[in-house]
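Here's the structure we're looking at; comments come further down.
Computed over heavy atoms, backbone and side chain alike; hydrogens, waters and symmetry mates excluded. Throughout, protein chains are lettered first and strands after them, A, B, ... in sequence-line order, and every chain is numbered starting at 1.
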Amino acid sequence: MREPKRHLVTSALPYANGALHLGHLAGAYLPADIYVRTLRLLGKDVVFVCGSDEHGAAITMKAKLEGVTPREIIDKYHELNKDTFQRLGISFDIYHRTSSALHAETAQAFFTELYTQGGEFEERMTEQYFDEEFQQFLADRYIVGTCPRCGNPEAYGDQCENCGSTLSPTELIQPRSVLSGKAPVLKLTKHWYFKLEKHADWLREWIEKGELDGVKHHDPKRWKKHVTGQCLSWLDSGLQPRAITRDLDWGIPVPLEEAKGKVLYVWFDAPIGYISATRQWALDHGKNWEDYWKSPDSQLVHFIGKDNIVFHCIVFPAMLKAHGDYLLPVNVPANQFLNFESRKFSKSKGWGIEQHEYLETFKDFPNKEDTLRYALIRNMPETRDSDFKWDEFVDFHDKELADNLGNFLNRVIVLTQKYYEGRVPEGVFAEDPHATAIRGLVKDLVYEIESFSFKDAVQKFLEISTYGNVFLQDTSPWAIWKDEPDSLVVKDCLYTCLQIVTVLSVIVEPFLPFTAKKIRAQLQLPEAKAGALAELLERLESGKALLPAGHLVGQPEVLFPKINDRKDGSRMELVEAQKAKLAAVLAAEQPEPKTEYATLKDLISYDDFAKMDIRTGTILEAEKVPKADRLLKLLVDLGFEKRTIVAGIAEHFQPEAIIGQQVLVLANLAPRPLKGIESNGMILMAGNEEGKLSFVTPEKGWPNGFGVK
RNA sequence: GGCGCGAUAGCUCAGCUGGUUAGAGCGUGCGAUUCAUAAUCGCAAGGUCGGGAGUUCAAGUCUCCCUCGCGCUACCA
C-alpha cells in the first residue's frame, strides 16, 4: 500500500448525556491519541477529530427528568467531556459538537444528496405510539411499561434496564407515555428508511477481501478478527432498511417539506459529525477539509469500542459510498470492553470510576494523568475484554515507570552530574551495536503502533529502558571510575546512556505526554516537535549525535515517586481509599430490597373481568421448544380436554420438574402460533421484582377444569 | 437457539501463513552489584497450550463435538 499523504483519525463521538469512564478512555480515545501523536512525531499530516453527539431522545429524556432543557444537558456534558479529555492529554485537533449550525447544514446536505440521487431511501408508513394529550409521537424512550421478559414495570420502549433485553415499544405490557402518563395510541406516521441491504454485496467484498470496486483498498488481515467476524456475521444474517427519521423535536430537521416535525435519527446524524468536525477544523486553520475526506491519498481510521462496530464498518461506510466521493476507513480498530476489578462498569451500582472523577480524586497525585494512561495501555482490551485493577495500577507505576524508566533516567543523570558536572562526555554511539539495537526497538515500536498493537508497542518502549539498565549494569562505570576517573569506557558508557535517554524522551510522548515534557526538561532540551521521531531515526541511521558531547543536562529529579513508598504513604492511601470504596459497594449489595411495584393498570369493569375464563389444570407433559431459550411446550389437562400451551418459562423451570404441577390457565385466550406450535391459552404466573416466577395454583388435589371466580 | 470472538506457566498476556527442547513481564527461589526512587543485573524452578475425537511425517496453530467467558441476535408470564 502506498504511503498516505494525509491521515484523518476519529474517536467515537461521546453521547452528551453523561460522563465517560475509564473503559471509554481505554477503548476509543487513548489508543487514538497514541496513534495520532506517533504520526505527528513522524512528521505526518494528521487531523484528529472528535466531538459530542448531542441529539436523540435519551437527551430530551434526561432533560425532562432533571427539569432542565436539553440544551443545558448537552452544554454541561459537552464541556465536561471536552475539558476532561484535554486534561488527560487526549490531543484532539478539534472537539466539535453536533448541535452546531455547521453540523446541521452538513447533515442536511448529506441527506439531501442521497435523497435527490434517488434509490437510496424508501418511505414507509408505520404505526407508532402517539400521546394524544401532548399531541406528539413518542420516541421509544418515552414509552414505559412492563417488560415482557422479566416483569420490570419500568422498562423503556427500547430496552429493559433490569434484564437488559432489547425491546420494541409494542412489546411492552401496559405501555404508558412518559409525558402524560396515559396509555398512548398507535397512529400511522411516515418515515424514511436507508436501503442498507442494497449495499450488502460490495460491503462483503470490501470487508472480506479489502477490495472496493475491484480495486485494493486495504489489507483485510490487518483488521481485528472480532471486527471482521462481527461484520460478516451481520452480512450473513441479511441487512435491513434502517429508519433514518424520527418523530421528535430535538435533532436536525429533515430537509423535506413533507417532513415537518421530523428529525434525522440520531444514528444518521452522529457519524456525519466526523465530517462537520473536520470542516470546522479546516475553517479554523485555513485548510481544505475535502483533502482529508475525499482525496485518495488520504487515510481514514475510526477508533471505537466494540459496541460501535456495525455502525462504523457497515452503516456509515454504506452512507459514505452511497453519497459518493468519500473515503472509507482503511481500518476500524475497535477495542473490546474494559472491566473494573472483575466486573462491568456500572454507574448505578457505584462500580468503576469516571474520568473526571479520577482526576478529581487523584488531584494531588503526581503524574496522575500518565499513570492512568500507562495502566490503561498496559491493560488495553485490544482483542478481548480486559480488567482494570488498582493493584496492577500500583504495580505498573512502581515497577515499570518508577523502577525501570524513572530510575534509569535518574541514575544516568546522577552519574553525569557526579562525573562530568552535568556535561555530556565525548563518546561513540552511532556506529556501535547499541545504536543498531536501539534503532531496531524504535522501529519495532513504530510498527506496532501502526498495527494498532499498543500493548506491544509500550512493551517495546520499556525494552529500551531495560536495554539501558542492562548496559549500564554490565559496564558498571562506577567500578571503573573509582580507579580511573578519565576512563574512556566510562565516558562511552555514559555517552551511550544519555543517547538512550534522549531516545526515550521522544518516543515516550505518545504514551506519556506529561512525562515527556519532564524528561526533556531534565535533559535541558526543548519539547519534541512534530517530526522529531523521524529526525531521531534519521540520526540513529546516519550516526549523528542525539545529544551532543558538551551539552549540559539538568539536575536529577525523581520522575515517579513510588506509590508503595514507606516514607510517604499518601499516594497509597488514595489507592486504598478506592479499594475500600469498592469493598463497601460489595458489602452493601446484599440487602437491596428497593422494591418497585408496578403502577396499577387502568380500571376495568366487571364485564371485562368476566370475559376471562380461567380454569384449573395440571401439566401432563413438558418439553423444551427447540431453538428457543424461554419456551416450554406443555400439555395441560383441563379435565374436559387436554391442550397444548406454549409458555415462556424455560429459564425458570426444568421440564421434568413441572410434570404434575397444578396450574391456572387462561383458557379462552385466542390461539397463537409460537415457533410453529399452536398455543391455546396462557399459564398464570406470579412474578417478583427479580423477575422470578411462581406457579399460581389451587389447593393441592383440586380437580381440573373448574373456573376461577 | 443462531452467529462472532476468546479460553496458553500462580497472575497478566505473546505465539504470523502447522515444523527443532511453547515465550515475555509480574510473583517465587538463589546469586551479583551499589550510580540510583530498598532501585538494577544474572540464573533457576514452574505449562498433559479448556476437554474429547480426527486430518497430517508433524498441531497451541487445521476440522468436528463438548464445556466455560464476552458480545450481537431470535423467542409473550
Side-chain angles (χ1 to χ4, degrees), chain A residues 146-151 165-166 171-173 221 224-237 305-307 309-310 336-337 339 344 378-379 381-387 389 391-392 395-396 398-404 406-419 453 455-456 459 462-463 466 468-479 481-482 490 493-494 497 556-562 564-568 624-631 645-652 666 669 672 674-675 679 682-687 691 693-696:
Chain A
T146 304
C147 173
R149 315 257 191 274
C150 72
S165 37
T166 315
E171 285 181 280
L172 290 176
I173 299 161
K221 282 201 213 103
K224 297 190 188 192
K225 273 212 252 179
H226 67 268
V227 173
T228 314
Q230 209 193 101
C231 292
L232 293 177
S233 162
W234 257 66
L235 288 168
D236 287 343
S237 60
K306 67 173 161 184
D307 50 334
I309 289 174
V310 169
Q336 308 251 13
F337 287 154
N339 288 323
K344 291 180 188 189
R378 288 287 276 111
N379 239 334
E382 288 177 333
T383 54
R384 64 175 105 157
D385 290 355
S386 64
D387 199 5
K389 290 187 195 313
D391 284 343
E392 284 187 341
D395 275 357
F396 289 147
D398 282 2
K399 294 186 170 130
E400 299 183 2
L401 294 182
D403 292 351
N404 193 326
N407 188 40
F408 176 58
L409 173 73
N410 190 248
R411 49 203 305 224
V412 170
I413 300 223
V414 166
L415 288 173
T416 306
Q417 287 294 351
K418 196 163 172 181
Y419 299 166
S453 298
K455 281 203 285 194
D456 288 342
Q459 210 163 318
L462 211 65
E463 271 182 50
T466 298
N469 273 319
V470 171
F471 171 61
L472 193 56
Q473 199 67 30
D474 284 355
T475 314
S476 294
W478 47 87
W481 188 78
K482 270 190 296 194
V490 175
C493 174
L494 279 175
C497 285
E557 246 175 83
V558 168
L559 205 52
F560 295 100
K562 297 231 266 190
N564 220 336
D565 186 338
R566 59 174 65 177
K567 291 170 221 139
D568 177 0
K624 275 217 68 176
V625 175
K627 301 191 178 192
D629 286 352
R630 294 195 177 88
L631 301 183
I645 296 177
V646 177
I649 57 173
E651 286 177 329
H652 302 274
L666 179 58
L669 185 68
R672 174 180 168 148
L674 288 168
K675 287 278 167 194
S679 179
M682 215 151 135
I683 308 290
L684 267 50
M685 306 293 296
L693 297 180
S694 160
F695 285 102
V696 182

Pair Asn410(A)-Leu559(A), side chain to side chain contact (heavy atoms under 4.5 Å, CB included): steps then yes or no
CA-CA 8 Å; Asn410(A) 190 248; Leu559(A) 205 52; over 6 Å; no
Using modelled atom types only, decide if a donor and an acceptor are shared between the side chain of [X] and the backbone of [Y] within a distance under 3.5 Å.
{"X": "Lys562(A)", "Y": "Ala402(A)", "result": "no"}
{"X": "Thr475(A)", "Y": "Leu472(A)", "result": "no"}
{"X": "Asn469(A)", "Y": "Asn404(A)", "result": "yes"}

NA contact type, [X], heavy-atom cut-off 4.0 Å: base, sugar-phosphate, or nothing?
{"X": "Lys225(A)", "value": "sugar-phosphate"}
{"X": "Lys389(A)", "value": "nothing"}
{"X": "Thr228(A)", "value": "nothing"}
{"X": "Leu462(A)", "value": "nothing"}
{"X": "Val558(A)", "value": "base"}
{"X": "Trp481(A)", "value": "nothing"}
{"X": "Asp385(A)", "value": "sugar-phosphate"}
{"X": "Thr416(A)", "value": "nothing"}
{"X": "Phe560(A)", "value": "base"}

Say you pick atom [atom1] in [N] and the same atom in [M]; how far apart are they, in whole Å?
{"N": "C65(B)", "M": "C30(B)", "atom1": "C1'", "result": "47 Å"}
{"N": "C49(B)", "M": "A7(B)", "atom1": "C1'", "result": "10 Å"}
{"N": "C11(B)", "M": "U20(B)", "atom1": "P", "result": "27 Å"}
{"N": "U48(B)", "M": "G2(B)", "atom1": "C1'", "result": "34 Å"}
{"N": "G18(B)", "M": "G54(B)", "atom1": "C1'", "result": "15 Å"}
{"N": "A38(B)", "M": "A45(B)", "atom1": "C1'", "result": "25 Å"}
{"N": "C43(B)", "M": "G25(B)", "atom1": "P", "result": "10 Å"}
{"N": "G6(B)", "M": "A74(B)", "atom1": "C1'", "result": "23 Å"}

Expressed as a whole number of angstroms, how long is the span from [X]:[atom1] to [N]:[atom2]?
{"X": "Ile309(A)", "N": "C70(B)", "atom1": "CD1", "atom2": "P", "answer": "17 Å"}
{"X": "Gln230(A)", "N": "C70(B)", "atom1": "CD", "atom2": "C1'", "answer": "11 Å"}
{"X": "Asn379(A)", "N": "A14(B)", "atom1": "CG", "atom2": "P", "answer": "11 Å"}
{"X": "Phe408(A)", "N": "U40(B)", "atom1": "CZ", "atom2": "P", "answer": "13 Å"}
{"X": "Leu415(A)", "N": "A39(B)", "atom1": "CG", "atom2": "P", "answer": "18 Å"}
{"X": "Leu472(A)", "N": "A32(B)", "atom1": "CG", "atom2": "P", "answer": "20 Å"}
{"X": "Gln473(A)", "N": "U33(B)", "atom1": "CD", "atom2": "P", "answer": "10 Å"}
{"X": "Asn564(A)", "N": "G27(B)", "atom1": "CG", "atom2": "C1'", "answer": "14 Å"}

Could you tell me whether Asp387(A) and Lys389(A) have a side-chain N and a carboxylate O separated by less than 4.0 Å?
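Result for this pair is yes, salt bridge flagged.
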Arg411(A) vs Trp478(A), side chain to side chain contact (heavy atoms under 4.5 Å, CB included): CA-CA, chis, key distance, verdict:
CA-CA 11 Å; Arg411(A) 49 203 305 224; Trp478(A) 47 87; 3.7 Å; yes
Closer to the 5' end of RNA chain B via nearest nucleotide, is it Asp387(A) or Asn410(A)?
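With Asp387(A) and Asn410(A) compared, the 5'-side residue is Asp387(A).
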Closest-nucleotide 5' rank along RNA chain B - winner of His226(A) and Lys221(A)
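With Lys221(A) and His226(A) compared, the 5'-side residue is His226(A).
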Looking at residues at least two apart in the chain, or sitting in another chain, which of them share a salt bridge (Lys or Arg N to Asp or Glu O under 4.0 Å) with Asp385(A)?
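Testing Asp385(A) for salt bridge (Lys or Arg N to Asp or Glu O under 4.0 Å), a comparison that skips the adjacent residues, returns Lys306(A).
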Residues in salt bridge (Lys or Arg N to Asp or Glu O under 4.0 Å) with Lys455(A), at least two apart?
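With sequence neighbours excluded, Lys455(A) shows a salt bridge (Lys or Arg N to Asp or Glu O under 4.0 Å) to no residue whatsoever.
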Do you know which two heavy atoms are closest between Pro381(A) and Phe337(A), and how far apart they sit?
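Scanning both residues, the minimum pair turns out to be CB-O, 3.4 Å.
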Test log, rule side chain to side chain contact (heavy atoms under 4.5 Å, CB included), inputs Ile413(A) and Thr416(A):
CA-CA 5 Å; Ile413(A) 300 223; Thr416(A) 306; 5.6 Å; no
Using the side-chain heavy atoms of [X], tell me which of these nucleotides is nearest: [options].
{"X": "Glu392(A)", "options": "U12(B), C5(B), C35(B)", "result": "U12(B)"}
{"X": "Arg378(A)", "options": "U37(B), A36(B), G25(B)", "result": "G25(B)"}
{"X": "Lys455(A)", "options": "U40(B), C13(B), C70(B)", "result": "C13(B)"}
{"X": "Lys399(A)", "options": "U40(B), C13(B), C26(B)", "result": "C26(B)"}

Taking only the side-chain nitrogens and oxygens of [X], find out if one of them lies under 4.0 Å from OP1 or OP2 of [N].
{"X": "Arg384(A)", "N": "A7(B)", "value": "yes"}
{"X": "Lys562(A)", "N": "A39(B)", "value": "yes"}
{"X": "Lys567(A)", "N": "U37(B)", "value": "no"}
{"X": "Ser386(A)", "N": "C70(B)", "value": "no"}

Bracket notation of RNA chain B in which parentheses pair within the strand, [ ] cross earlier pairs, and | pairs with another strand (Watson-Crick or G-U, under 3.5 Å)
(((((((..((((.....[...)))).(((((.......))))).....(((((..]....))))))))))))....
Quick one: the side chain of Arg566(A) and the base of A38(B), do they pair up donor-acceptor inside 3.5 Å?
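Such a pair is found, so the answer is yes.
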